[in-house]
Structure formats: structure tokens, C-alpha cells
Amino acid sequence: LHPRLAKLILRSQELQAVDIGIDVAAMLSERDIFRYAIDRRDDYEPDITERIRILKDWRQNNDITGDVDICALRSIERTAKELRRLIYAEHDTAAENADLLMRLLLSAYPDRLAKKRPDETGRFLLAQGGGVRVPFFSSLSLCDYIVALILDAGGKGDGIVHVASPLTEEIIRAECREQIKYVRTVTWDKRRQRIIATIEECIGDLILSSRPFQPSDEESIPLLCDAIASDPSLLPYGKDAKQFAGRVALMRKYYPDEGWPDYSQRALAAEASYWLASFLSGIDDAAQLREVDIVSALQAGLSWQQQRLLQKRAPTHIIVASGSRIFIDYARGDFPVLAVKLQEMFGCAETPTIADGQVNVLLYLLSPAQRPVQITHDLKAFWNSGYFEVRKALRGRYPKHPWPDDPWNAIHTRRTKRSKS
């Protein structure tokens, strides 16, 4: 007797279902009673329970219908009688129990366990890997699980199941509990831009169940950092971060021997695991990433001495002659930009500087409507020449604002003619 069938017989004794074990072993050891239908490939029923029913009816009534091979039935009966004689088993009243049949077959063929592919009628994935199929019209085609008893390889496509039995998940869990493995998986879903964490119950290649869980920071943070490294656009590199990075970039350029870090977006993304990891606790998607206080993380990457020098050499604001505290934009280009109303700079000969006087800011001199009318690094040259063209073009448009003939001796102001500066 084939080792699988011997195992089936032994298991049937354990379950006190010897009679059905003998019948199944005999049936699987002889040729199929539906062999003529199988030859046609497109019109056969692989469900073994139908074969068991036909065998029972034939025994009781000596009656068969359809494409059933009577010679095969007789061979099965002879083999079953011989097995009974060898095993000394009496008739088993439990043979009618469908659950027992499932348990017997699964115990003998655990590697033939197969699960229905999602949304695909009649197609199954085997626990040992690979795919099989049953006829579309078969009662097995809609089952969630089967055990494929007789099948062929199927060439390059799915294998064809000739004989099988339906299974329930309850039976599978009872018979295969020692084979069930728990697989904990944490991955970054690039399309959905989020961490996906699942615990799966698996038997070989089959997934019995899958449920989400909240991953630990130790599991999720390295994945977030890898995702940022692969896609720098995930880094929350907004206006404030660009401003801070621009100030540090100016320090790198004019103080190259002081070890200032590279805070460009690409460099930061590549090194996220070193400077950003401690700020990613509890985060699992791109939307939450965008809320990270990246400026605090960038500040934390500088020493106390560097932070002090940054504030001194690359201040965020400058107080101009009118007394206004004006923001310096370090993110606009290669030079820091100071956008200030033209009238607030009257009488100033020198362009404001930063970085210990090494860098002239790029002045955006604004009209009363806050639009640039002149962009210059040289304020003195503007007063001597360019101012008069601007005055000619704008004094008629903005008559309430001062446009003196002599900007050198005019009073700098942020107000109109009717107000005192």
C-alpha cells in the first residue's frame, strides 16, 4: 500500500472511521471510476465525495448511472475487502460523517492542500506552491479550500485536478495546527505611501488569515528612512526647512573649514536615518511625515556653537534705516534676498551685509505696491543712477509717497507724505 494511503488508514483508526478510510484508500489505489469522462478533459467531476456516494449506491442497489466504469468499481470493492480482512475492521457507522472524510484525506495529503485564488472560480493555489484548477461547473470550483488527491502538472499553466475533496478551514486548523506558521511582515507600500504591517497565518504558500497590527518604532522607522532615501519628495522639505537649510548652506560656502553639514534635500534624504529617525516615532504614512517638525531636527544636527554662529552670521532678519525689521530670504536662490520698500532705504549708501561683512544681500527694492522695481547688490550705484528712472516711472502712480530729487539727503520712511516717519 502506498505510504500516503497507509497513513490514511492509520489515521482512520485513530478517528474510529476505519470503514471510510478503507474505501478511500481502495478508491485512490485503483483507477478512477470516471476515467472515461476524464479523457474528454472538459466534462468531468473531480469531487471525491461524489465517487464515494456512487460506490455506496452500487453496493446497496447494484445500480449505477452515467459514465461510471463498472470494472473500476469492482476493483475498488475487491481491494476494500482485502484491506478489511488485513485490518480486521468491522463496519464503521461513522463512515457517513463528511468531516471524517476531509480529515482522513488531509492527513494523508497535507502537501496537496489548496486555497481558492481570490475572485477566480475554479483556480487554486497549492500549499507546496504552484496552481491547479478544477472544471468551472464543478461543485468544488467555489470551495474556499480543497485537497487535490490526483492531479497532473499542467505544463506551463495550472495543473489539472482529477480527484479532490472539499475542505473547511476548521478541519484544516485541526489537522494542520502544527504546520501553521505565524509570519509578521512590515513593509512600505510605495503606491499607498504608508507602512503596511500584517500578521499572517500560513501553511506553506497559503495564507489562512491576515490581520493588521501597529508596528513598533524599531520596525517602522528604518522603513520610513529607506522610503525617504528612495523618494526625497517624501521629506517634509517646506518653506521653513528650505530657509534654515539656506542659512546653513551659506555657512558651508563662506566658512568651509568649520564642518557645516550639507542640508540640501537630496543629502538630507540620503542620511535620514542619522538625523531624522528620532523624530519619526509613531509615524506610519506620508501624511504624518508632512507634519514632522523638520526644522527642529535640522537644528538638533548642529552643535550649540554652530547654532550661535548661525544666528550671528546668517540672521533671519535685518533692521533697516527706517527701523523696520525685515526678513531675509535664504531660500530664493544663490544669494540671500532682502525685500524692502524703496523709501525705507533713503540716505543709505551701503548695501546691508551678513556673514561678518563677506556677503552683500540681494536687495529687492519695492514699490508702494510691494512689487520689485530694482534688484541690486549695489545700493550706492542705484541712488546715483537707477533711482531717477524709477522715480520718473512711479511718482505719478504713487503721489502720496515721497519721491525726492535727492535720495541721499531724504528721510528714510515706511509711511506716506502725510505721516511723519
Side-chain angles (χ1 to χ4, degrees), residues 239-256 258 260 263 295 299 302 306-421:
K239 180 176 64 176
D240 292 342
K242 291 177 182 178
Q243 172 74 358
F244 191 86
R247 295 169 66 200
V248 174
L250 187 128
M251 295 297 96
R252 277 174 57 86
K253 181 177 180 180
Y254 289 94
Y255 302 91
E258 293 183 357
W260 292 89
Y263 277 174
V295 174
Q299 288 174 333
L302 301 180
Q306 285 177 319
Q307 292 184 46
R308 186 183 66 82
L309 290 173
L310 184 67
Q311 186 58 38
K312 174 178 177 289
R313 296 169 177 171
T316 59
H317 294 75
I318 285 180
I319 297 177
V320 297
S322 66
S324 295
R325 186 170 179 265
I326 306 297
F327 173 76
I328 305 175
D329 188 348
Y330 291 87
R332 193 174 297 195
D334 295 334
F335 296 97
V337 172
L338 185 72
V340 59
K341 186 180 175 183
L342 181 150
Q343 282 80 3
E344 295 194 58
M345 302 301 289
F346 283 153
C348 296
E350 301 298 330
T351 304
T353 63
I354 56 174
D356 299 325
Q358 295 185 72
V359 181
N360 284 0
V361 299
L362 183 60
L363 282 169
Y364 277 42
L365 296 173
L366 307 178
S367 71
Q370 300 297 303
R371 296 188 181 91
V373 295
Q374 183 71 27
I375 299 175
T376 182
H377 277 295
D378 190 345
L379 186 58
K380 182 177 180 180
F382 171 71
W383 294 135
N384 286 333
S385 57
Y387 166 73
F388 298 102
E389 291 297 322
V390 171
R391 174 177 177 270
K392 180 180 178 181
L394 297 182
R395 66 177 178 176
R397 192 181 305 173
Y398 303 103
K400 295 181 181 180
H401 297 265
W403 301 97
D405 293 335
D406 183 5
W408 287 108
N409 295 306
I411 298 174
H412 35 256
T413 180
R414 55 176 176 262
R415 303 183 182 181
T416 63
K417 292 178 180 179
R418 296 180 182 180
S419 327
K420 298 295 184 181
S421 63

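By the 6.0 Å and 45° rule, Arg313 does not stack over the aromatic ring of Tyr254.
Between Phe382 and Val390 the shortest side-chain heavy-atom distance falls below 4.5 Å. Put simply, the side chain of Ile354 reaches to within 4.5 Å of the side chain of Ile318, judged on heavy atoms. You'll find the side chain of Leu394 stays beyond 4.5 Å of the side chain of Leu342, heavy atoms only. Counting heavy atoms from C-beta on, the side chains of Tyr364 and Arg371 never come closer than 4.5 Å. Residues Tyr263 and Arg247 form no side-chain contact, since every pair of their non-hydrogen atoms from C-beta on lies 4.5 Å or further apart. Looking at heavy atoms from C-beta onward, Thr351 lies out of side-chain contact with His377 at the 4.5 angstrom threshold. Here the side chains of Asn360 and Glu350 are not in contact, with every heavy-atom distance at 4.5 Å or above. Residues Leu365 and Leu379 form a side-chain contact, since some pair of their non-hydrogen atoms from C-beta on lies under 4.5 Å apart.
Of all heavy-atom pairs between Phe346 and Ile411, the closest is CD1-O, 3.6 Å. Closest of all the heavy-atom pairs between Ala369 and Tyr398 is CB-OH, 3.3 Å. Smallest separation of non-hydrogen atoms from Gln243 and Ala331: OE1-N, 3.7 Å. Here the shortest heavy-atom pairing between Ala241 and Val295 reads N-CG2, 3.8 Å. Looking at every heavy atom in both residues, Tyr330 comes nearest to Pro315 through OH-O, 2.7 Å. Across all non-hydrogen atoms, the minimal contact from Ala381 to Ser385 is O-OG, 2.9 Å.
Note that NZ of Lys341 and CD of Gln370 are 7.5 Å apart. Values are rounded to the nearest 0.5 Å. Here OG1 of Thr353 is found 11.5 Å from CG of Leu338. Values are rounded to the nearest 0.5 Å. In this structure, CE in Met345 is found 5.5 Å from CG in Leu363, a value given to the nearest 0.5 Å. One distance of note links CG of Asp378 with CG of Leu362; it measures 11.5 Å at 0.5 Å rounding.
The closest donor-acceptor contact from the side chain of Gln299 to the backbone of Gln307 lies at 3.5 Å or more, if one exists at all. Between the Arg414 side chain and the Glu344 main chain, no donor and acceptor come within less than 3.5 Å of each other. With hydrogens and angles ignored, the 3.5 Å screen pairs no side-chain donor or acceptor of Ser324 with any backbone N or O of Ile326. In this structure, Trp383 contributes its side chain and Cys348 its backbone to a donor-acceptor pair below 3.5 Å. Counting only distance, with no hydrogens or angles, the side chain of Ser322 and the backbone of His412 share no donor-acceptor pair below 3.5 Å.
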- Let me see the working for Val373 and Glu389 under side-chain contact (heavy atoms from CB on, under 4.5 Å), right down to the final yes or no. CA-CA 10 Å; Val373 295; Glu389 291 297 322; over 6 Å; no
- Task: Begin from the C-alpha positions of Asp405 and Arg391 and carry the test side-chain contact (heavy atoms from CB on, under 4.5 Å) through to its verdict.
- Result: CA-CA 9 Å; Asp405 293 335; Arg391 174 177 177 270; 2.2 Å; yes
- Start with the C-alpha gap between Leu309 and Glu258, add the side-chain angles, then the distance that decides, and say whether side-chain contact (heavy atoms from CB on, under 4.5 Å) holds. CA-CA 11 Å; Leu309 290 173; Glu258 293 183 357; 4.2 Å; yes
- Worked check of side-chain contact (heavy atoms from CB on, under 4.5 Å) between Asp356 and Lys312: CA-CA 8 Å; Asp356 299 325; Lys312 174 178 177 289; 3.0 Å; yes
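Under the 3.5 Å distance criterion, with hydrogens and angles disregarded, no donor-acceptor pair is assigned to the side chains of Gln306 and Tyr255.
Environment of CG in Asp406: crowded, with over 12 heavy atoms of neighbouring residues, nucleotides or ligands closer than 6.0 Å.
In this pair, Tyr387 and Trp403 present their aromatic rings parallel. The plane angle is below 30°, not in the 30 to 60° band.
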